[in-house]
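Nothing here was measured: the structure is a model prediction, and the numbers come from that model. Just so it is clear, the values below take in all heavy atoms, side chains as well, and ignore hydrogens, waters and symmetry mates.
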Amino acid sequence: MDKEKALILARKDPRKKETFDYSLEELKDLTKTAGGEVVSVLVQQLEKPHKAHYLGDGKLEEAAGIIEEHDIELVIINDELSPTQLRNITNRLEVRVIDRSQLILDIFAYRAKTKEGKLQVELAQLQYLLPRLSGQGVQLSRLGGGIGTRGPGETKLETDRRHIRRRIRDVRTRLDQVVEHRKQYRERRKENSAFQVAIVGYTNAGKTTFFNKITSADSLQEDKLFATLDPLTRQTQLPSGLEVLMSDTVGFIQHLPTTLIAAFRSTLEEVTEADFILHIVDASASDHDQHEKTVLSLLEELGAENLPRLTVYNKQDKVEGPFTPMEKPSVQTSFKDDRGVGDVLSAIEEVLSENWDPYHTYVKAEEGKFLKTLELNTLVYVREFLEERGEYVVRGYIDPLHPLRNKVIPKEHKDE
């Protein structure tokens with residue numbers, strides 16, 4: 001299939017050179033992920049975008065010449081446009097114009113596979129489209145025919161705002177039912193005292209590679225942005241035997257559209273409901289520190305910034321020169337090497353042992369079932385059979401909130 005030719009237009013704030021350079025490279029990657037080919041990039045230095053046209057007249061004139069010369073079909077703006085800017089640029093350039101947010105929404109629409117994922121993306125797209133209908137004539141006349149047009153169906157949305165509002169209500173109702181089901185599932189996991197680890201990170205950091213290696217899952221694993229959209233949860237064990245539920249979540253990105261964050265709220269709640277955050281970073285990325293800040297900012301927005309956390313600096317095999325971690329506790333590794341996964345699981349146990357309560361208890365030989373329960377629900381580092389007592393001595397660490405705590409730590413020692 002022929003790739004769609006695209007021209008990127010970007011505004012460069014002279015005060016934010018570093019973040020601009022990275023966001024531009026990222027936009028090129030996003031365009032490639034969506035199936036486009038970046039033919040040309042036009043940049044204008046402006047501290048603030050032009051209210052009506054985003055860029056100045058001269059730069060738009062230059063863009064029109066490039067569009068004609070290279071037969072370009074699509075213009076992508078490296079910002080989120082206002083409805084007025086979108087309408088004016090579309091009328092001026094006479095080709096389809098989409099902004100960064102619409103491109104990200106388009107990729108999400110393509111990647112969504114489950115019922116919940118599709119509903120969430122459709123809701124985000126409809127909420128994005130509603131205030132921008134008057135500027136969408138060119139795009140929507142070709143709905144389903146290119147980048148930025150995948151998603152809400154074949155209806156002539158530009159002529160029927162009421163249809164969109166009705167559809168938003170319908171999607172919300174259906175999504176509420178799915179969200180309720182997810183909530184019940186989470187509550188059941190809590191009742192069973194299952195220890196939950198949420199894997200988070202910037203898109204393409206290696207989350208799914210790690211998830212697949214430890215759980216033998218077959219989720220999509222590609223070197224593309226947003227390869228994983230629908231969250232998966234699988235059971236696995238740490239080296240000590242502790243059973244944990246691992247959830248692979250959607251990749252974060254800079255300037256994630258607000259409609260998307262709102263629509264994916266229930267999916268992102270997998271993070272807030274977790275007991276532990278595993279933050280995976282692509283250490284070889286030139287702007288990995290900015291990636292980290294983006295993820296930490298979103299964790300704060302979700303109210304999950306205070307959960308126990310381990311930062312994994314992945315892809316060390318691609319890192320050139322010395323590397324200094326920004327976060328602690330952390331581990332530096334590469335998932336290309338199978339030992340890398342073991343390093344991470346051991347590091348999780350180290351962090352837990354620092355946060356959990358130590359215990360020392362005895363288990364009678366005939367209480368094998370209880371011994372197994374301890375192994376699956378706590379960090380056991382000593383388990384020895386004492387023949388003279390006919391008992392096992394067990395030492396380890398336990399989650400302070402776990403129901404088993406009362407059985408292994410006597411009440412008089414609880415505050416020690």
Candidate pair Ser297 and Glu300, rule side-chain contact (heavy atoms from CB on, under 4.5 Å), full reasoning
CA-CA 5 Å; Ser297 173; Glu300 189 174 345; 5.7 Å; no
Carefully, step by step, assess Glu80 and Tyr128 under the rule side chain to side chain donor-acceptor pair (under 3.5 Å).
CA-CA 10 Å; Glu80 185 168 310; Tyr128 175 86; over 6 Å; no
Give the C-alpha distance, both sets of side-chain angles, the deciding distance and a yes or no for side-chain contact (heavy atoms from CB on, under 4.5 Å) between Gln332 and Val319.
CA-CA 11 Å; Gln332 298 175 41; Val319 173; over 6 Å; no
Under the side-chain contact (heavy atoms from CB on, under 4.5 Å) rule, what do Leu30 and Leu27 come out as? Steps first, then yes or no, please.
CA-CA 5 Å; Leu30 288 166; Leu27 190 66; 4.3 Å; yes
Pair Leu374, Thr361 - check side-chain contact (heavy atoms from CB on, under 4.5 Å), show working.
CA-CA 10 Å; Leu374 285 179; Thr361 192; 4.3 Å; yes
Quick one, Glu243 with Gln235, criterion side chain to side chain donor-acceptor pair (under 3.5 Å). Give me CA distance, side-chain angles, the key distance, then yes/no.
CA-CA 7 Å; Glu243 274 191 351; Gln235 187 170 283; 3.3 Å; yes
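To the nearest 0.5 angstrom, Tyr54 atom OH is 8.5 Å from Leu46 atom CG. Rounding to the nearest 0.5 angstrom, the gap separating the CD1 atom in Ile199 from the CG atom in Leu310 is 11.5 Å. Remark: Leu307 CG to Ile277 CD1 distance equals 5.0 Å, nearest 0.5 Å. Rounded to the nearest 0.5 Å, atoms CD1 (Ile8) and CD1 (Ile76) are 5.5 Å apart. One distance of note links CG of Asp282 with CD of Gln316; it measures 9.5 Å at 0.5 Å rounding. Put simply, NZ on Lys315 and OG1 on Thr333 are 13.0 Å apart, with the number rounded to the nearest 0.5 Å.
Summarising the geometry of Val121 relative to Leu105, their closest heavy-atom pair is CG1-O, 3.9 Å, with the distance given to 0.1 Å. Considering all non-hydrogen atoms of both residues, Trp356 and Tyr397 come closest at CE3-O, 3.5 Å. The shortest heavy-atom contact between Phe385 and Ala365 is CE1-CB, 3.8 Å. Heavy-atom minimum distance, Leu55 versus Gln44: CB-OE1, 3.4 Å. Leu376 and Leu242 make their closest contact through O-CD1, 3.4 Å (heavy atoms, listed as atom of the first residue, atom of the second, distance). For the pair Ala34 and Ile107, the tightest heavy-atom approach, listed with the atom from each and the gap, is CB-CG1, 3.9 Å.
Residues Leu74 and Val95 fail the side-chain proximity criterion, which asks for heavy atoms closer than 4.5 Å. Between Arg172 and Gln127 there is a side-chain heavy-atom pair separated by less than 4.5 Å. Using a 4.5 Å cut-off on side-chain heavy atoms (C-beta onward), Val43 and Leu24 make contact. Side chains of Leu9 and Leu93 form a contact here, defined as non-hydrogen atoms less than 4.5 Å apart. In this structure the side chain of Asn377 never reaches within 4.5 angstrom of the side chain of Phe195, judged on heavy atoms. Residues Val312 and Val281 form no side-chain contact, since every pair of their non-hydrogen atoms from C-beta on lies 4.5 Å or further apart. Looking at Asn78 and Phe20, their side chains come closer than 4.5 Å, going by heavy atoms from C-beta outward. Between Asn88 and Leu86, every side-chain heavy-atom pair lies at or beyond the 4.5 Å cut-off.
Looking only at distances, no side-chain donor or acceptor of Asp170 sits under 3.5 Å from a matching main-chain atom of Arg166. At distances below 3.5 Å, not a single donor-acceptor pair connects side-chain atoms of Glu37 with backbone N or O atoms of Lys3. A donor-acceptor pair under 3.5 Å is formed between the side chain of His50 and the backbone N or O of His53. Without hydrogens or angle criteria, Thr373 side chain to Lys369 main chain gives a donor-acceptor distance under 3.5 Å. Not a single donor-acceptor pair under 3.5 Å links the side chain of Glu354 to the backbone N or O of Val351. Looking only at distances, a side-chain donor or acceptor of Arg11 sits under 3.5 Å from a matching main-chain atom of Glu47. Not one N or O on the side chain of Tyr313 forms a donor-acceptor pair closer than 3.5 Å with the backbone of Ile280. Looking only at distances, a side-chain donor or acceptor of Thr236 sits under 3.5 Å from a matching main-chain atom of Ile214. Remark: side-chain polar atoms of Arg395 are not paired, donor with acceptor, to backbone N or O of His360 under 3.5 angstrom. The closest donor-acceptor contact from the side chain of Asn314 to the backbone of Ala205 lies under 3.5 Å.
In this structure, Arg405 pairs ionically with Asp357, as a charged nitrogen and a carboxylate oxygen lie closer than 4.0 Å. Note on Glu122 versus Arg167: salt bridge recorded, some NZ/NE/NH1/NH2 to OD/OE distance being below 4.0 Å. Between Arg100 and Asp79 no salt bridge is recorded (no basic side-chain N to carboxylate O distance below 4.0 Å). Of the charged side-chain nitrogens involved, at least one lies within less than 4.0 Å of a carboxylate oxygen, so that Arg383 and Glu375 count as a salt-bridged pair. Salt-bridge annotation for Arg309 and Glu327: present, with a side-chain N of the basic residue lying under 4.0 Å from a carboxylate O of the acidic one. With salt bridges taken as basic N to acidic carboxylate O contacts below 4.0 Å, none links Lys364 and Glu367.
His291 and Tyr202 have parallel rings, their planes meeting at less than 30° on a 0 to 90° scale where 60° marks the start of perpendicular.
Taking the ring centre of Tyr362 as origin, the terminal cationic atom of Arg389 falls inside the region bounded by 6.0 Å and 45° from the ring axis.
Ser240 and Glu349 share a donor-acceptor pair across their side chains, judged by distance under 3.5 Å alone.
Annotation: His288 is in aromatic contact with Phe323 [ring centroid separation under 6.0 Å].
The neighbour count for Glu366 CD, taken as heavy atoms of other residues, nucleotides or ligands under 6.0 Å away, is above 12. Summarising the local packing, NZ of Lys407 is surrounded by 12 or fewer heavy atoms from other residues, nucleotides or ligands at distances under 6.0 Å. More than 12 heavy atoms of other residues, nucleotides or ligands shown are found within 6.0 angstrom of CD on Glu388.
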